[in-house]
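Please read the structure below before turning to the comments.
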Amino acid sequence: MKKISIFFLILISIVFLSCTSTKISQEEPVEEVEEVIEEDLFGKRYIDWKYKGFGSQLPPWIDSAFDNSIEEVRSIIPQLAEKKILILRVDSETLDQAELAINQGLENGISLEGDIYTLYERFWVMLADDFIQKEGCPYTSLAILVVEESGL
């Protein structure tokens, strides 16, 4: 009986020590994650974007497209340097509304001055609170279109 009680005492001690060591090692990464989240939320324009949950980074052209700077987009994306492009931007209260508006525009086809545009790239972002006050809506859907056929 004495051997059984000693065995259980040792077993309980091992289980207790393993739980304690596991808990300590799990607390450290949680603190690091909280610091990263705080850095993302303060002082940056976007807090969420397409595929962020999968580890995707913002494309380098996003700020230029958001500001409708066609020349900057052309300089950032070398394939578009010599092309005629158009940037579509839809701001909305919900992501679904912003994406639906872009979809409707693309389904109907974009034709200006005889030029027919096709989709090159598409992306959405969610603005940080500080920027929502300036821009008015939290979600923005962006599309870069390139001339497929020129009417000239």
Side-chain angles (χ1 to χ4, degrees), residues 12 14-152:
I12 289 172
I14 292 171
V15 169
F16 177 74
L17 289 174
S18 68
C19 291
T20 305
S21 65
T22 304
K23 185 176 182 183
I24 291 170
S25 66
Q26 288 177 349
E27 286 179 4
E28 293 172 12
V30 172
E31 291 172 7
E32 292 173 14
V33 169
E34 288 174 3
E35 290 174 13
V36 170
I37 290 172
E38 287 177 10
E39 288 174 11
D40 280 346
L41 290 178
F42 299 107
K44 294 200 176 182
R45 195 178 203 175
Y46 315 108
I47 58 172
D48 196 11
W49 54 84
K50 185 177 182 180
Y51 302 129
K52 179 182 179 188
F54 296 107
S56 172
Q57 299 295 315
L58 283 166
W61 53 264
I62 198 72
D63 277 328
S64 301
F66 191 89
D67 296 332
N68 201 31
S69 177
I70 290 175
E71 291 306 315
E72 283 184 35
V73 171
R74 283 188 184 138
S75 68
I76 293 169
I77 305 173
Q79 300 90 328
L80 302 180
E82 302 297 321
K83 303 225 181 215
K84 187 173 181 181
I85 65 172
L86 176 70
I87 299 171
L88 294 181
R89 174 180 163 182
V90 176
D91 300 323
S92 181
E93 290 296 321
T94 68
L95 176 59
D96 290 337
Q97 290 174 343
E99 289 288 282
L100 180 63
I102 289 283
N103 284 340
Q104 288 174 341
L106 295 174
E107 286 173 5
N108 294 335
I110 305 292
S111 177
L112 296 172
E113 300 173 0
D115 295 335
I116 299 173
Y117 289 85
T118 58
L119 180 66
Y120 175 79
E121 184 71 52
R122 178 182 180 161
F123 209 76
W124 63 265
V125 293
M126 180 182 181
L127 295 173
D129 289 340
D130 294 342
F131 291 96
I132 292 173
Q133 294 171 0
K134 295 175 190 171
E135 299 293 334
C137 294
Y139 290 97
T140 299
S141 188
L142 296 158
I144 297 176
L145 304 171
V146 180
V147 171
E148 180 182 292
E149 295 178 24
S150 181
L152 299 175

Open item on the list: Run W124 and V90 through side-chain contact (heavy atoms from CB on, under 4.5 Å) and show every step you take.
Closed with: CA-CA 9 Å; W124 63 265; V90 176; over 6 Å; no

Open item on the list: Any side-chain to backbone donor/acceptor pair from K52 onto I47? Under 3.5 Å, distance only.
Closed with: yes

Task: Over all atoms of both residues, closest heavy-atom pair of R74 and A81 - done: CD-O, 3.7 Å

- [ ] Measure the CZ-OG distance between R122 and S141 for me, rounded to the nearest 0.5 Å.
- [x] 5.0 Å

Task: Nearest-0.5 Å distance, CZ of residue F123 to OH of residue Y51 - done: 9.0 Å

Task: Distance-minimising heavy-atom pair for A98 and S92 - done: N-CB, 3.7 Å

- [ ] Step through the shown structure and confirm whether more than 12 heavy atoms of other residues, nucleotides or ligands are within 6.0 Å of CD on Q79.
- [x] yes

TODO: Please name the pair of heavy atoms, one in K84 and one in Y117, separated by the smallest distance, quoted to 0.1 Å.
DONE: CE-OH, 3.5 Å

TODO: Take F131 and K44 through the side-chain contact (heavy atoms from CB on, under 4.5 Å) test and state the conclusion after the steps.
DONE: CA-CA 9 Å; F131 291 96; K44 294 200 176 182; 6.0 Å; no

Task: Salt-bridge criterion met for K50 and E99 (N-O under 4.0 Å) - done: no

Task: Shortest non-hydrogen contact from S64 toward E72 - done: OG-OE1, 2.9 Å

Open item on the list: Please identify which of these residues, L127, L95, I132, D96, meets the side-chain contact (heavy atoms from CB on, under 4.5 Å) condition with Y139.
Closed with: L95

- [ ] May I ask you to decide if A65's main-chain N or O and R89's side chain share a donor-acceptor pair within less than 3.5 Å?
- [x] no

- [ ] For the pair Y46 and T140, evaluate side-chain contact (heavy atoms from CB on, under 4.5 Å) and give the outcome as yes or no after the intermediate values.
- [x] CA-CA 10 Å; Y46 315 108; T140 299; over 6 Å; no

Task: Spacing of I102 atom CD1 and E107 atom CD [to the nearest 0.5 Å] - done: 11.5 Å

- [ ] Enter the distance from I77:CD1 to K83:NZ here, rounded to the nearest 0.5 Å.
- [x] 12.0 Å

- [ ] Measure from the side-chain N and O atoms of W49 to the backbone N and O of S56, and report whether any donor-acceptor pair falls under 3.5 Å.
- [x] yes

Task: Steps toward side-chain contact (heavy atoms from CB on, under 4.5 Å) verdict (L86, D115) - done: CA-CA 11 Å; L86 176 70; D115 295 335; over 6 Å; no

Task: Which atom of W61 lies closest to which atom of E121, heavy atoms considered - done: CZ2-CG, 3.1 Å

Open item on the list: Taking the side chain as everything from C-beta on, heavy atoms only, tell me whether I85 gets closer than 4.5 Å to Y120.
Closed with: no

- [ ] Write down the atom of I76, the atom of P60, and the distance for their closest heavy-atom approach.
- [x] CD1-O, 3.7 Å

